[in-house]
Every structure is written in structure tokens, then in C-alpha cells.
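Reckoned from all heavy atoms, side chains included, excluding hydrogens, waters and symmetry mates.
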Amino acid sequence: MILRLCVWCVQIVFLQAVILPALLPSTVFAQSSKAEKKAAAGKSTGSSTDAALVQANLPVSQGFTKLAPALSVATTQATMRSTTGGVKLVVVMSFDQMRGDYPNRWGHLWTQQGFNRVIRQGAYFPQCYFNHASNITAPGHSVHLTGVYPAKSGIVSNDYNDRTAGRKLYCVQDTVNKTFGMSKPDEWCSPINLKVPTLGDYLKKISPKSRVVGISQKDRAAILMSGHTADAAYWFEYEAGGYTSSEYYFKELPAWLKKWNQKNNFRDYSGKVWDKQISDDAGLKDTIRWEAGGKQRNVFPYTIPNMNTTGTIDVYSSSTFTVTPYSVEHFFKFAKSVLKEEKLGADTIPDVLCLSVSATDYAGHTFGPDSRELQELYLNVDKYVAEWIDYLDTEVGRKNYTLVITSDHGVAPMPEYWKYTNPGADAGRLRSLDVIEDVENYLRQTFIAGSASKWIDDHEQPSFFFNQQTLEMVTTTTIPSYTTPTRQMVLDSAQAFLQRYRGMGIVLTETQLQSGICPQWLSSWQYNLIRNDYFPQRTGEIVCYPDKYWVWGTVTATHGTPHDYDRHSPLILMGAGVKPGYYKDAKVAPSDIAPTLAQILGITMQNLDGTPLPCR
């Protein structure tokens with residue numbers, strides 16, 4: 001322990017004297033260096049309280065302190081108590097890939113006690129759109145409780161090439177802190193890659209006895225919503241045998257969770273049948289031939305296969321547990337146990353619980369937004385939401401909690417189905433490997449010095465990451481009767497080629513993103529959406545977004561663009577501190593959730609992209 005403290009002291013002195021002065025004033029969390037990761041590894045040797053204390057000695061939390069240097073814990077706690085009006089619990093629920101039009105589209109099929117109850121008794125914002133372009137799971141969930149977009153948080157995609165680390169990273173990857181039950185370091189997770197604090201981090205700084213917990217069927221959703229100093233984040237892993245967590249939060253998995261997984265083994269759902277409940281007159285067509293990649297005819301009923309075998313699970317298979325209502329039932333059983341075991345909302349000290357339902361995304365990708373399966377799934381989800389609200393009312397009390405319902409992104413129509421229902425429409429698919437091959441061939445033919453070189457290291461939507469050695473060689477090699485191109489000339493040429501590519505919409509270079517000057521051919525609002533995703537260390541030399549109704553890849557339905565169907569998200573609030581109403585004309589964004597909840601809790605978050613919602 002003494003040796004570890006000495007190492008920490010040396011690291012801190014070096015970081016304060018050398019690294020921190022070089023940081024931009026607006027930086028909240030410093031870039032993770034190897035020294036920081038070693039120090040962060042020390043967090044996993046103790047409790048979550050120990051983790052917070054260790055983090056307080058790192059540049060990460062020193063950056064956090066800069067956000068509110070005048071805060072006094074004692075006075076702030078008093079202010080918070082007087083401002084909250086007795087709020088014991090904040091509950092933020094994200095339904096992965098729930099597009100913003102679903103409540104109006106399918107609400108007539110739902111009960112009056114689920115989503116409709118929240119709409120009726122709460123504040124409903126039908127015009128809620130993300131103000132960034134890369135609308136996928138990790139960036140979307142990171143926005144909810146940080147109140148900022150990827151340009152500040154660094155969460156530009158689910159995966160990205162990190163120039164500081166010098167390799168490809170998963171957004172919550174942590175090769176130091178193990179995920180319980182997962183054998184490969186690439187599968188271990190924590191929030192170390194998130195560059196800003198969440199609402200929960202602010203709350204823990206001000207009120208250390210408050211508890212912050214995140215749960216999801218996906219690791220990145222639970223982790224990115226709950227933040228750096230969360231008491232726990234739990235997520236579902238097939239290989240781990242159910243819900244699990246990371247050494248970042250615990251020395252070992254809590255005993256109650258081990259017992260819960262044994263008692264509520266998801267494999268017991270093997271053989272369960274999922275059948276339709278909506279009448280054929282009211283429901284969508286039961287099968288669309290492009291569902292599940294068109295590999296088979298997908299019609300009800302579906303039988304969950306035997307899961308009592310070794311191996312992995314295909315979360316996008318049409319009969320997999322994860323795309324059925326049974327996985328949602330399993331999730332909400334777990335949520336109720338988390339509320340009880342973590343003692344959330346059990347006293348007068350405010351807590352935060354973040355939940356994300358991933359089954360809606362798995363089913364959306366597998367069957368598409370115009371499928372009977374997704375319509376039927378939401379009918380069941382609505383039932384579990386109703387039961388969850390009843391549970392909160394009983395255990396916490398309606399006047400004691402604030403509930404938020406939202407999503408991390410929307411989804412595009414299936415291109416084939418869109419063309420089928422809209423004859424003559426321009427829609428289609430871009431395949432990453434094909435585009436990379438065509439760009440490689442074009443650049444080899446255009447720039448002689450790179451005629452035998454590899455040009456593209458990787459494509460992670462929306463970024464093309466260029467091979468730096470090839471760029472260096474091509475821009476420094478002198479060949480007789482040949483003009484040596486500059487780096488900008490190479491990128492401009494690649495951009496021009498991609499802009500001519502069928503189905504490609506917006507293509508921008510790093511220089512155009514860095515300049516802050518919108519090109520004349522692009523609308524300023526679209527440019528700003530893309531700039532809100534630009535984080536230099538993790539964004540490629542060129543970013544590309546498909547035309548409207550075009551998508552990347554072969555997955556049945558997908559998302560990830562600045563088009564309205566990908567940006568549209570539901571936003572409904574209910575409970576303490578919320579003024580009910582139908583705010584049909586208010587143009588809002590999910591980035592407004594964090595400052596609104598902070599206001600309810602009496603907390604001031606700084607340097608945010610969002611603003612408080614008009615429902616206070």
C-alpha cells in the first residue's frame with residue numbers, strides 16, 4: 001500500500017507539472033495515459049468509495065473539480081436538499097432504438113398504464129431530436145446524463161481508432177479491470193474512455209452518500225449513463241451466465257447478484273414460445289421478405305432455442321432470447337432487485353438509477369421498424385413499463401421520484417421495404433468492404449508513390465482512418481515528372497471520389513471539420529451536427545454519411561446518420577419537479593435531460609450542450 005501511494009504521488013506531481021498545463025481550459029477529463037490507467041487499476045482493489053477517492057487524486061477528477069471550484073460539499077448538500085423538494089430517486093430509462101414516432105404510431109395498441117400513463121400524467125416532448133450526426137448506441141447513451149455531445153465526451157462511436165492509444169478501441173474497453181465471467185481482456189469494460197462527468201458524478205461529488213447505479217442488457221449503455229464514480233453498473237453477458245459487472249466497481253461480484261443469476265437463470269426460458277397478441281386487422285403484416293437478412297421466412301410463433309449449451313449467442317437471430325419479450329421480462333425482474341439490493345430511493349438522500357432496454361434494438365435490427373415483430377415487442381414492453389411504474393409508486397412513492405423515458409437513437413426504414421412501398425424511391429446499401437476496396441484502388445491509381453500501399457486502416461462508421469505511413473510516404477516521395485501531393489491534396493482527392501459514390505451523402509475532411517467553416521454546398525445545421533461528433537483523437541481523416549434512405553451494411557435495419565429518422569427520440573418526464581403537459585411546439589434534444597435533472601436536484605452542471613427543459 002505504501003509503495004502504491006508513493007507511485008501515485010510521483011504520477012500526480014508529474015501530471016500536475018507537465019501534462020495539465022498543456023490541456024485546454026475547457027477539458028474536463030484528461031486523455032487517459034498509461035500512467036493514468038495504472039492508477040485507475042488501483043481503483044479496482046477497493047470498494048466504489050475507494051475508487052472515488054483514488055479518482056480524486058487523478059487528472060480526471062482534477063479536471064472535474066475545475067467545473068465547480070467554488071462548491072462546498074456542506075453548503076451544496078444543504079442547497080440541494082432545499083431545492084429537490086424531497087426527490088429521493090431519479091430514474092432515467094432508455095429504450096434502445098425507440099424512434100420518436102413510435103408513441104404516436106403504436107400508442108393506440110398500448111395500455112393506459114404504461115407509456116401512455118407517462119405521456120398523460122407527465123411532460124411529453126414529441127419534437128425531440130439529437131443534435132449530432134452519428135446516431136448509434138454509445139454516443140446516444142453518453143449524451144443522456146453528460147448533457148454533451150461526442151465532440152466533448154470523446155464517445156464518437158461504439159468502436160473507433162484511438163490515436164493516443166495507437167489502436168482500435170471499444171468505447172468502454174478496459175484491459176485492466178476485468179469483467180466478471182468474461183475471459184478475454186478485449187471484453188472487459190469500464191468508463192475510462194468517457195472524457196466528461198455524468199450527472200451521477202456531479203451528485204457523488206456533492207453528496208457522497210448518494211448512490212448511482214446503471215443497468216442494461218448492453219455494457220456500454222449501463223456504463224456510459226452511470227459515469228465514473230457510479231456505485232455499480234450491471235449488464236447482461238451470455239458467457240458470464242446472466243448479469244455481471246467489472247472489477248472497476250467491485251473486488252468480486254456481489255453475493256446477492258450471484259444468487260439472483262442462479263435463481264433467475266435466463267436459460268430457463270429455453271423452449272418458451274413468443275406468439276402474436278395483436279389482431280391481424282390491427283397489426284402490421286406478419287412477414288416482410290427482407291427480415292433477418294431474408295434468410296428465412298419469419299412469422300409467428302417463435303420458439304426460443306435450447307440455451308443450455310456452451311458457446312455464444314447471436315443477439316440478432318430471429319428466435320434468440322434477446323429479441324423476445326422474455327428478455328425484457330428478465331430485465332425488469334432484475335431492475336426491481338437492483339432497486340431493493342442497492343437501497344435506491346430508500347432514504348432522503350437522492351440517488352440515480354439508469355436503465356437501458358436493449359431488446360428493442362436487437363429486434364429492430366433483426367426485423368426492422370415496419371415489422372409485426374417489433375410492434376408486438378413494444379406491446380409487451382409497454383406492459384412491463386406499467387408494472388415498473390407501479391413498483392416505483394409502491395416502493396418509492398410518486399412524489400419522491402422523477403422518471404425520464406427516452407432513447408439513444410432512432411432507425412432508418414429498411415431500404416428494400418422503402419423502395420417496395422415507395423416505387424421509384426432512391427434507397428440502398430453501402431458495404432464497407434466494397435467502398436474501402438474502391439477507395440484503395442482509386443488512390444493507388446491516382447498517387448503513384450502509393451500504388452502498392454495500403455491506404456485505409458479501418459472504417460468505423462462514419463470515419464475512414466487512413467494509414468499514416470502511406471500518407472507520409474506519398475507526401476514526401478519525390479518522383480521525376482510527378483508533383484508530390486500534400487496531405488490535403490490526397491484527402492481532397494479521396495473526398496471528391498467518395499462524393500461521387502452512389503448512395504453517399506455527406507463527405508467531409510478533417511480540415512473542414514477543424515476549421516469550423518461550413519462548406520458552401522452543405523447546410524449549416526447538418527455541418528453543426530457532424531462537428532458535434534468531431535473528436536480529433538478518435539475521428540478519421542474523412543467522415544462519410546449515406547444519402548437519405550441509404551444505410552451502411554447488410555443488417556436488416558440500422559441507423560447512424562444525421563437524417564431525421566435516426567435523430568428522432570421520444571422524451572417524456574413524470575414525477576417530482578416536473579410540470580405535466582403536451583409540449584408539442586418545443587424543439588428539444590436528449591442533451592437537455594442532464595441539465596433538467598440537475599436543476600431538479602439543485603446541481604449546476606457546466607460546459608453543457610443541453611439546456612433545461614421548459615417543464616419545471
Check: Which is it for Arg163 and Glu541 under the salt bridge (Lys or Arg N to Asp or Glu O under 4.0 Å) test, yes or no, and what are the steps along the way?
Finding: CA-CA 12 Å; Arg163 290 187 176 86; Glu541 285 74 16; 2.7 Å; yes
Item checked: Chi angles and distances behind the side-chain hydrogen bond (donor to acceptor under 3.5 Å, both in side chains) call for Ser523, Gln526 -> CA-CA 5 Å; Ser523 66; Gln526 288 178 313; 2.9 Å; yes
Note to self: Asp609 vs Lys152, test: salt bridge (Lys or Arg N to Asp or Glu O under 4.0 Å). Steps then yes/no.
What the structure shows: CA-CA 9 Å; Asp609 294 323; Lys152 294 175 183 175; 2.8 Å; yes
Item checked: Backbone of Gly227 reached by a side-chain donor or acceptor of Asp201 within 3.5 Å ->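 No: the side chain of Asp201 does not pair with the backbone of Gly227.
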Margin query: Between Asn193 (side chain only) and Gln173 (backbone N and O only), is there a donor and an acceptor less than 3.5 Å apart?
Written below: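 Checked: pair present.
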Notebook entry, point to check: Under the side-chain hydrogen bond (donor to acceptor under 3.5 Å, both in side chains) test, which residues partner His563, sequence neighbours left out?
Noted result: none
Just by distance, no angles: are the side chains of [X] and [Y] close enough, under 3.5 Å, to form a donor-acceptor pair?
X      : Y      : answer
His568 : His409 : no
Thr406 : Ser569 : yes
Asp408 : Ser94  : no
Tyr545 : Ser134 : yes
Gln97  : Asp361 : yes

How long is the span from the [atom1] atom in [X] to the [atom2] atom in [Y], to the nearest 0.5 Å?
X      : Y      : atom1 : atom2 : answer
Tyr160 : Cys171 : OH    : SG    : 6.5 Å
Phe466 : Leu471 : CZ    : CG    : 6.5 Å
Asp547 : Thr561 : CG    : OG1   : 10.0 Å

Checklist line | Min side-chain heavy-atom separation Leu145-Val92 under 4.5 Å | finding: yes
Next item on the list: Would you mind listing every ring-ring contact (aromatic ring centres under 6.0 Å, His included) that reaches into residues 478-521, with sequence neighbours excluded?
Entry: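 Residue pairs with at least one partner in residues 478-521: Tyr442-Phe497.
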Notebook entry, point to check: Which word best sums up how the rings of Tyr149 and His132 line up, parallel for under 30°, tilted for 30 to 60°, or perpendicular for over 60°?
Noted result: tilted
